[in-house]
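Here's the structure we're looking at; comments come further down.
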Amino acid sequence: MTVIEIDGLRKSYKAGKAVDGVSLRVERGEIFGIVGPNGAGKTTVVECASGLRRPDSGTLRVLGLDPQTNRRELLQHIGAQLQEAALPDAIKVSEALRMYASFYDRPADWRALMDEWGLADKKRASFASLSGGWKQRLFIALALVGNPEVVFLDELTTGLDPSARRTTWGLIRDMRKRGITVVLVTHFMDEAEALCDRIAIIDQGRVIAEGGPSELIAKGRSDSLEGAYFALTGKDVA
Ligand SMILES: Nc1ncnc2c1ncn2[C@@H]1O[C@H](COP(=O)(O)OP(=O)(O)OP(=O)(O)O)[C@@H](O)[C@H]1O
Ligand SMILES: [Mg+2]
């Protein structure tokens, strides 16, 4: 079943086009990667799909709902960790989870979630006192507290050390095991290759390639994707 359908999405800001005709399909239960360089339009796509930004044109359906006209209902069924997410410095881990749970009609048991995601020892820690890896873990738990069917993760592992990145990868795979559809925005091709069932590469507001990770790598070796592949991986095409 298709859970996200985006057709011909366009969005400009004052400075110019950010998204220039993106079409995508995301199927239930997959980890779908959106990969591309800085300024490619990735965050804008995710913000439009989660109802946080109004597209200029195009059709969007998430779980059959229009993110603009059915925003309230949609927000009950999705979870999001956004690129520039922040919480008040003084808020405690348990308070943040309880507060987020109160936003939903059918929240998960936030105490159980805190235990499951290894946050119980940190429950009285303030947000400001958490290291980057623990903040990310908290953001994952917050994205899940509404029992979402679809989760958007934007640059979840940027800034984490290699071991925290690996741990986060495990957490993302756990989401898929629970049947949650994950949209993962990342700069890292290795991360997308390791985690994603399918990937769309976005550059200058357009999808320049789409497919399974191995398919894309094979293509990257053979054609004009070379430049994009290099930009994303820093590796020359073998
Ligand atoms: N709120 C905004 N106001 C004006 N311009 C914006 C805004 N948000 C994004 N842009 C511009 O739109 C383009 C696409 O930005 P977007 O944040 O969607 O890209 P991105 O692929 O997520 O980039 P990054 O990898 O750096 O997060 C960029 O040129 C950016 O400067
Ligand atoms: Mg972004």
Side-chain angles (χ1 to χ4, degrees), residues 4-26 31-60 62 67-68 71 74-75 78-87 132-133 135-136 138-140 142-143 150-162 164-165 168-169 172 181-196 198-211 213 216 220 224-225 227-235:
I4 301 178
E5 301 177 72
I6 299 178
D7 284 299
L9 174 65
R10 285 175 209 277
K11 174 78 190 174
S12 293
Y13 299 106
K14 276 201 191 101
K17 287 178 187 168
V19 177
D20 190 17
V22 162
S23 301
L24 292 175
R25 295 279 178 283
V26 178
I31 302 180
F32 187 89
I34 298 181
V35 185
N38 286 130
K42 305 179 298 294
T43 295
T44 304
V45 169
V46 165
E47 287 176 341
C48 289
S50 47
L52 300 174
R53 218 172 259 295
R54 181 183 297 278
D56 296 337
S57 61
T59 327
L60 291 96
V62 178
Q68 282 302 311
R71 182 162 179 262
L74 181 63
L75 290 178
I78 64 174
Q81 167 272 326
L82 296 171
Q83 192 169 5
E84 265 142 44
L87 286 166
K135 282 182 180 153
Q136 299 300 53
L138 174 59
F139 284 129
I140 293 181
L142 293 174
V150 179
V151 169
F152 295 96
L153 305 173
D154 192 352
E155 307 279 356
L156 187 62
T157 66
T158 303
L160 297 187
D161 71 33
R165 267 181 91 207
T168 309
W169 289 6
I172 295 168
T181 307
V182 179
V183 177
L184 179 77
V185 174
T186 178
H187 288 132
F188 303 114
M189 196 60 183
D190 66 331
E191 177 162 296
E193 281 170 33
L195 289 176
C196 298
R198 287 189 310 123
I199 299 169
I201 299 182
I202 297 195
D203 193 16
Q204 296 183 17
R206 292 168 180 269
V207 176
I208 58 165
E210 200 182 343
L216 284 183
S224 59
L225 269 177
Y229 185 79
F230 179 72
L232 293 168
T233 59
K235 286 186 268 188

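The model shown is predicted, which means the values in this text are computed figures rather than measured ones. When a ligand or atom number is given, it counts from 1 through the structure's own listing order.
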Interfacing atoms of ligand 1 (cut-off 4.0 Å, heavy-atom, [X]):
X     : answer
Ala40 : 19 (O), 20 (P), 21 (O)
Thr44 : 15 (O), 16 (P), 18 (O)
Ala18 : 12 (O), 13 (C), 14 (C)

Query raised in the report: Nearest heavy-atom pair of Ser12 and Asp56: which atoms, and what distance?
Result: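 Nearest heavy atoms, Ser12 then Asp56: N-OD2, 2.6 Å.
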What is the distance from atom [atom1] of [X] to atom [atom2] of [Y], rounded to the nearest 0.5 Å?
X      : Y      : atom1 : atom2 : value
Ser23  : Asp7   : OG    : CG    : 4.5 Å
Ile202 : Thr43  : CD1   : OG1   : 10.0 Å
Leu82  : Phe152 : CG    : CZ    : 9.5 Å
Ile172 : Leu195 : CD1   : CG    : 5.0 Å
Leu24  : Arg198 : CG    : CZ    : 8.5 Å
Arg10  : Lys17  : CZ    : NZ    : 7.0 Å

Please list the nearest protein heavy atom to [atom] with its residue and the distance rounded to 0.1 Å.
atom                    : value
atom 1 (N) of ligand 1  : Arg53 NH2, 3.5 Å
atom 27 (O) of ligand 1 : Gln83 NE2, 2.9 Å
atom 3 (N) of ligand 1  : Tyr13 CD2, 3.5 Å
atom 26 (O) of ligand 1 : Asn38 ND2, 2.8 Å

Backbone N/O of [Y] and side chain of [X]: donor-acceptor pair under 3.5 Å:
X     : Y      : value
Lys11 : Arg54  : yes
Arg53 : Glu47  : no
Gln81 : Asp154 : yes

Query raised in the report: Under a heavy-atom criterion of less than 4.0 Å, does Gly41 contact ligand 1?
Result: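 Contact check Gly41 vs ligand 1: positive.
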Query raised in the report: Do Thr186 and Glu191 meet the criterion of a side-chain donor-acceptor pair at a distance under 3.5 Å?
Result: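 Thr186 vs Glu191: donor-acceptor pair found between side chains.
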Taking non-hydrogen atoms only, is [X] closer than 4.0 angstrom to ligand 1 via side chain, backbone, both or neither?
X      : result
Lys11  : neither
His187 : side chain
Lys14  : neither

Query raised in the report: Considering only heavy atoms, which of Gly205, Gly36, Gly39 lies nearest to atom 28 (C) of ligand 1?
Result: Gly39
Query raised in the report: Among Thr158, Thr43, Ile34, Asp154, which residue places a heavy atom closest to atom 22 (O) of ligand 1?
Result: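 Residue with the shortest heavy-atom distance to the ligand atom: Thr43.
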Query raised in the report: Hey, is atom 30 (C) of ligand 1 under 4.0 Å from any protein heavy atom?
Result: no
Query raised in the report: Does some non-hydrogen atom of the protein lie less than 4.0 angstrom from atom 16 (P) of ligand 1?
Result: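 Under 4.0 Å from atom 16 (P) of ligand 1, at least one protein heavy atom found.
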Query raised in the report: Around atom CD of Gln68, are there more than 12 heavy atoms of other residues, nucleotides or ligands at under 6.0 Å?
Result: yes
Query raised in the report: Is any side-chain N of the basic residue among Arg206 and Asp20 closer than 4.0 Å to the acidic one's carboxylate O?
Result: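 Looking at Asp20 together with Arg206, the answer is yes, because their closest N to O distance falls below 4.0 Å.
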**Report entry** Protein N/O/S count near the Mg ion (ligand 2) (criterion: distance under 2.8 Å)
**Finding:** 2
